[in-house]
Asker: 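Before we start, here is the structure in question, set down as structure tokens.
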Amino acid sequence: MIQFPKGFLWGAATSAYQVEGNNIASDWWEWEKRLGQKEPSGLACRHYELYAQDFDLARSLGHNAHRLSLEWSRIEPEEGRFQEAQLKHYLDVILALRERGIEPVVTLHHFTNPLWFSLKDGWHNEQAVSSYLRYTGRALELLSPHVRFWVTINEPMVYVYHAYVLGIWPPQERSLAKGGKVTNNLLSAHVEAYKLIHAIYKKKGLPMPMVSIAQNLQAFVACKANLRNRIALYLRNKCFNFDFIDNAMRKKSLDFLGINYYSRSLVDTRGWGVKNLLLDTCRDNHSDLPKNSLGWDIYPQGLYDLLLSLKRYDLPVFILENGICTDKDSLRWNFIRRHIEMVHQARQKGVNLIGYLYWSLLDNFEWDKGFSPRFGLIDVDYATYRRTPRDSANKFAEVCRTGTLND
Ligand code: IFM
């Protein structure tokens with residue numbers, strides 16, 4: 001039996017665009033229309049209206065924490081014109097969690113931007129940081145008394161990779177130079193938001209908040225240990241996993257480390273070019289690991305290794321996402337169990353872990369992949385919007401309620 005301490009945070013995560021529905025002022029909404037996305041986000045899970053019911057389920061599943069995001073494009077659908085009613089909506093959402101004894105963990109930016117912001121060159125524009133800070137300030141003025149945990153930016157490097165390197169997410173750029181500039185702007189946005197959030201709490205006399213990013217960490221493993229692959233491993237760990245954290249640490253802008261972990265990437269380079277070193281993966285089917293329904297390797301060991309490598313930062317670590325999409329729910333419980341075991345082992349080696357959130361509470365809109373990948377603890381029937389907790393949700397609930405994982 002594995003025992004976690006009292007006060008450990010257990011729960012699940014969502015993001016606004018993926019669950020709310022009808023986020024019509026967002027750059028993603030425009031992108032879906034323009035590309036004729038086969039499964040557009042549409043009403044998503046109708047969580048915008050059904051959040052109270054969803055939080056009742058989260059409470060019934062023993063969750064004491066829940067991560068959500070604010071949809072900037074609802075709050076500021078036109079540049080500089082803030083919608084008080086939408087801010088009030090998020091206040092109600094956060095209070096609904098508090099009423100149920102669930103700690104809110106609030107993300108300010110989770111991949112989506114207001115369309116007006118994108119049309120002005122998005123995160124590539126010099127002014128992006130000040131626009132983001134103005135929105136952050138408005139949100140914080142209202143919400144700060146009710147929130148302790150803030151996440152400024154979700155998965156900055158995943159955003160840059162998909163939107164500015166692979167070019168499959170809006171704004172569909174393919175430029176390492178642009179990607180570099182966007183990364184710098186996201187970093188400045190985080191550092192300045194960190195200062196702003198702390199200043200607002202100080203001004204209001206509130207107990208100090210816990211502010212971080214949600215950094216996706218991938219386990220990079222070489223399928224052949226030649227020199228070129230070893231260099232590639234070093235560069236990928238640096239660029240995709242640790243540089244953003246290191247830079248944020250240098251600016252003293254992290255109160256904890258927010259970490260997302262899903263899978264490993266099997267590295268095999270086919271040349272010495274920058275793109276080979278940063279992007280090539282194994283094409284020879286060397287991976288014999290079980291996979292999720294998107295074909296990602298299931299590799300709990302990677303979580304353990306990465307958690308140990310975070311010890312050098314000497315900060316509390318909060319797992320803000322860890323999950324599997326699968327049509328076979330028994331795989332989901334097995335995935336959760338094996339990852340929680342890794343969390344426990346890392347704690348035993350001295351990693352200061354404070355919480356674990358599963359991705360996701362509900363099945364939802366998985367970006368360019370639409371609704372087919374099922375990540376939810378709770379099944380969503382998209383014809384009726386009926387929610388049904390899965391068996392894995394009930395098994396995870398036992399861990400949340402008791403803080404123990406039985407063999
Ligand atoms: O759905 C996403 C989420 O938006 C960010 N982290 C990874 C999840 C699964 O792909």
Side-chain angles (χ1 to χ4, degrees), residues 11-21 23 26-29 31-32 37 39-41 44-45 47 54 66-73 105-113 151-163 165-166 168-170 186 190 212-219 240-241 244-245 257-265 291-300 302-303 306 318-327 331-332 335-336 339 355-380 382 392:
T14 58
S15 89
Y17 196 87
Q18 294 178 269
V19 293
E20 283 180 348
N23 275 313
S26 155
D27 57 348
W28 265 86
W29 191 268
W31 176 89
E32 290 171 35
Q37 161 100 325
E39 291 182 320
S41 57
C45 308
H47 177 77
D54 291 334
H66 178 78
R67 177 170 171 227
L68 67 141
S69 74
L70 310 182
E71 179 60 33
W72 180 4
S73 68
V105 178
V106 182
T107 307
L108 288 155
H109 184 272
H110 194 120
F111 296 159
T112 57
N113 300 299
V151 175
T152 55
I153 313 266
N154 179 68
E155 298 181 352
M157 298 320 297
V158 173
Y159 175 70
V160 170
Y161 181 67
H162 285 85
V165 179
L166 288 186
I168 53 177
W169 289 356
L186 290 170
H190 163 72
S212 188
I213 49 171
Q215 177 72 348
N216 183 63
L217 294 182
Q218 219 177 352
F240 299 122
N241 285 343
F244 205 94
I245 298 180
L257 286 173
I259 296 305
N260 298 351
Y261 176 78
Y262 287 84
S263 180
R264 77 168 182 184
S265 169
K291 311 226 178 317
N292 74 12
S293 64
L294 286 171
W296 307 351
D297 282 347
I298 296 173
Y299 187 57
L303 176 60
L306 286 161
F318 192 170
I319 297 181
L320 297 176
E321 290 182 26
N322 173 236
I324 178 175
C325 53
T326 177
D327 296 330
L331 284 186
R332 189 182 329 278
F335 178 99
I336 296 174
H339 284 81
Y356 171 93
L357 304 182
Y358 177 79
W359 180 272
S360 177
L361 181 67
L362 305 166
D363 289 337
N364 62 49
F365 175 71
E366 178 59 18
W367 307 113
D368 54 303
K369 309 286 187 311
F371 288 98
S372 318
R374 299 273 181 164
F375 276 96
L377 290 171
I378 298 174
D379 168 89
V380 176
Y382 293 110
S392 55

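Start at 1 and go down the list; that is how both ligands and their atoms are numbered.
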Asker: Can you name the side chain to side chain contact (heavy atoms under 4.5 Å, CB included) partners of Pro300, sequence neighbours left out?
Answerer: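 If we apply the side chain to side chain contact (heavy atoms under 4.5 Å, CB included) test to Pro300, skipping adjacent residues, the hits are Ile298, Arg338, His339, Met342.
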Asker: Contact residues of ligand 1 with a heavy-atom cut-off of under 4.0 Å?
Answerer: Gln18, His110, Phe111, Asn154, Glu155, Tyr262, Trp296, Glu321, Trp359, Glu366, Trp367, Phe375
Asker: Who passes salt bridge (Lys or Arg N to Asp or Glu O under 4.0 Å) against Glu71, sequence neighbours left out?
Answerer: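 For Glu71 there are no salt bridge (Lys or Arg N to Asp or Glu O under 4.0 Å) partners, ignoring immediate neighbours.
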Asker: Check the orientation of Phe240 and Tyr161. Use parallel for under 30°, tilted for 30 to 60°, and perpendicular for over 60°.
Answerer: perpendicular
Asker: Do Thr326 side-chain atoms and Arg332 backbone N/O form a donor-acceptor pair below 3.5 Å?
Answerer: no
Asker: Does Trp28 offer a backbone N or O that forms a donor-acceptor pair with the side chain of Ser26 under 3.5 Å?
Answerer: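 The answer is yes, because a donor-acceptor pair under 3.5 Å joins these two groups.
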Asker: List for me each residue that meets salt bridge (Lys or Arg N to Asp or Glu O under 4.0 Å) alongside Arg264, sequence neighbours excluded, and say none if there are none.
Answerer: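 Testing Arg264 for salt bridge (Lys or Arg N to Asp or Glu O under 4.0 Å), a comparison that skips the adjacent residues, returns Asp297.
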